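Accompanying notes for the structure given below.
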There are 2 protein chains.
Amino acid sequence: MREDYAIERFRKNGYKITPQRQEILKVFVGNNLPLSAEEVHRKVVERYPNISLDTVYRNLSILLELGIISKLDFILEGKSRYELNSGKHHHHLVCLKCGVTEAIDFCPFKSLDREKIEEEKKFEIKKHSFELFGHCELCREKPQEKSF
Amino acid sequence: MREDYAIERFRKNGYKITPQRQEILKVFVGNNLPLSAEEVHRKVVERYPNISLDTVYRNLSILLELGIISKLDFILEGKSRYELNSGKHHHHLVCLKCGVTEAIDFCPFKSLDREKIEEEKKFEIKKHSFELFGHCELCREKPQEKSF
DNA sequence: CTACTTGCAAATAATTTGCATGCGA
DNA sequence: TCGCATGCAAATTATTTGCAAGTAG
């Protein structure tokens, strides 16, 4: 259970289990789409009407620090998005019209490529991003394209 | 000559050739590293001490619109970076310590991969990003890692 | 009880916009 | 001259921080 695991990590690192924190965690556990801070806040407010956006931001930092969530490496809309760490390496399909972001398992980067580049460029690769931007099925025929 | 080409594009699209605009263009032509708005401003100020950061931003938009520069799809430091369109497809090596960004020609994404995904996911791919994050040769042994 | 947390308000930082003046074509 | 451009100041947006009060353990 991913939620129990996260709560265990809170405890081990001296963080208290507050209802707000728990609810923010639940939003991610119950959702495998990347969410913005505001979206997380919007969901948590349903149950904790007084929770502030600040608290969401502060808890996102902690979840990041504990490796429970990740911040996406790309920004389309001028704000960051965060997603639960699934444990499996993956990338994303991102719609340039509606912003919908879907995870895909496919990765084109092979270990031979990595070795060659590390050798040639004297660069130690820690991670990589690979994102596909385009139009999702629903947005194919929409005329207007968002600016992001 | 890339600069002449850009100036031609300005003309054709009804944009005037102001000294500030020309100087901003020159910064990119004389530099193949991705630059932030502030870095561009810093360079242009050397020659036009009164130029405002606003003007830089406004001209970056125009350069983007005309396809003369591109905005990088990833953000590490909380701000966007822009680079001259080289005409060749490429990706980047990005140092997580010092932020240095180098272009590389290597691309792992093949047309067969593309076709398969477009078919399977019913997603029309318009562009993709592929960035390698890690430590450059100079930063290998540095102890501190920046937060971005 | 005590340190971590929270909400509120204010501060930052990047980027954008309104407006009157300036200047290229 | 005329409309696009610029500089300045103020607005916006995402995110961060200071602080006093609240609460988990």
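These numbers were taken from a predicted model, which means no experiment stands behind them. Each chain gets a letter, A, B and so on, in the order its sequence line appears, and its residues count up from 1.
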Query raised in the report: In whole Å, what is the span from the CZ atom of B/Arg81 to the P atom of C/dA13?
Result: 17 Å
Requested in this report: Please list, by residue number, the residues of residues 65-75 of chain B whose heavy atoms come closer than 4.0 Å to an atom of DNA chain C; answer none if no residue qualifies.
Outcome: none
For residues 29-39 of chain B, which side-chain N or O atoms pair as donor and acceptor with protein atoms under 3.5 Å away, sequence neighbours left out?
| from | atom 1 | to | atom 2 | distance (Å) |
| --- | --- | --- | --- | --- |
| B/Asn31 | OD1 | B/Leu33 | N | 3.0 |
| B/Ser36 | OG | B/Glu39 | N | 3.2 |
| B/Glu39 | OE1 | B/Ser36 | N | 3.0 |
| B/Glu39 | OE1 | B/Arg81 | NH1 | 2.9 |
| B/Glu39 | OE2 | B/Arg81 | NH2 | 3.3 |

Query raised in the report: Under 4.0 Å between a side-chain N/O of A/Tyr57 and OP1 or OP2 of D/dT16, yes or no?
Result: no
Requested in this report: Quick one: list whatever passes salt bridge (charged side-chain N to carboxylate O under 4.0 Å, His left out) with A/Lys127, sequence neighbours left out.
Outcome: A/Asp73
Query - Most 5' of B/Leu53 and B/Gly14 on DNA chain D, judged by nearest nucleotide - result: B/Gly14
Between side-chain atoms of residues 99-114 of chain B and protein atoms elsewhere (two or more places apart, or another chain), which donor-acceptor pairs fall under 3.5 Å?
| from | atom 1 | to | atom 2 | distance (Å) |
| --- | --- | --- | --- | --- |
| B/Thr101 | OG1 | B/Gly99 | O | 3.1 |
| B/Lys110 | NZ | B/Cys107 | O | 2.8 |
| B/Asp113 | OD2 | B/Lys110 | N | 3.2 |
| B/Arg114 | NH1 | B/Ile125 | O | 3.4 |

Report task. Whole angstrom is fine here: how far is it from CZ in A/Arg21 over to C1' in C/dA3? Result -> 12 Å
Query raised in the report: Is there any ring-ring contact (aromatic ring centres under 6.0 Å, His included) pair reaching into residues 8-38 of chain A, and which pairs are they, with sequence neighbours excluded?
Result: none
Requested in this report: Using atom NE2 of A/His41 as one end and atom C1' of C/dT6 as the other, report the distance to the nearest whole Å.
Outcome: 12 Å
Query raised in the report: Separation of B/Gln22 atom CD from C/dG24 atom P, in whole Å?
Result: 11 Å
Report summary line: Quick note, salt bridge (Lys or Arg N to Asp or Glu O under 4.0 Å) partners involving residues 7-16 of chain A, not counting sequence neighbours, are none
Requested in this report: Determine yes or no for a side-chain-to-main-chain donor-acceptor pair under 3.5 angstrom, with A/Glu131 supplying the side chain and B/Ser129 the backbone.
Outcome: no
Query - side-chain contact (heavy atoms from CB on, under 4.5 Å) partners of B/Glu124, counting only residues at least two apart - result: A/His135, A/Arg140, B/Glu118, B/Lys126
Report task. Tell me, please, which residues at least two apart from A/Ser70 pass side-chain contact (heavy atoms from CB on, under 4.5 Å). Result -> A/Asn85
Report task. Calculate the interatomic distance between B/Glu77 atom CD and D/dT15 atom P; express it in whole Å. Result -> 16 Å
Query raised in the report: Looking at B/Gln20, does any N or O in its side chain come under 4.0 Å of the phosphate oxygens OP1/OP2 on D/dG7?
Result: yes
Query raised in the report: Does B/Ile75 sit in a hydrophobic cluster with other residues, and if so which ones, taking ILVMFWY side chains as linked at heavy-atom separations under 4.5 Å, directly or through other members?
Result: A/Ile75
Report task. Determine: side-chain N/O of B/Asn13 to OP1/OP2 of D/dC4, distance under 4.0 Å, yes or no. Result -> no
Report summary line: Whole-Å distance, B/Lys79 NZ to C/dT15 C1', equals 13 Å
Report task. Heavy atoms under 4.0 Å is the rule here; annotate nucleotides 20-25 of chain D 5' to 3' with B where the base is hit, S where only the sugar-phosphate is, and - elsewhere. Result -> ----BS
Query raised in the report: Does B/Val27 offer a backbone N or O that forms a donor-acceptor pair with the side chain of B/Lys43 under 3.5 Å?
Result: no
Report task. Please state how far atom OH in A/Tyr48 lies from atom P in C/dT5, giving the value in whole angstrom units. Result -> 16 Å
**Report entry** Gap between atoms CD1 and P, on B/Ile62 and D/dG3 respectively (whole Å)
**Finding:** 18 Å
Every protein N/O lying under 3.5 Å from an N/O of nucleotides 8-10 of chain D:
| from | atom 1 | to | atom 2 | distance (Å) |
| --- | --- | --- | --- | --- |
| D/dA9 | N6 | B/Asp54 | OD2 | 2.5 |

Query raised in the report: Contact class for B/Ser80 (heavy atom, under 4.0 Å): base, sugar-phosphate, or nothing?
Result: sugar-phosphate
Query raised in the report: Does any N or O in the side chain of B/His41 come within less than 3.5 Å of the main-chain N or O of B/Ile51, such that one atom is a donor and the other an acceptor?
Result: yes
Report summary line: Here the side chain to side chain donor-acceptor pair (under 3.5 Å) pairs for residues 44-56 of chain B, sequence neighbours left out, are B/Glu23-B/Arg47, B/Ser52-B/Asp54, B/Ser52-B/Thr55
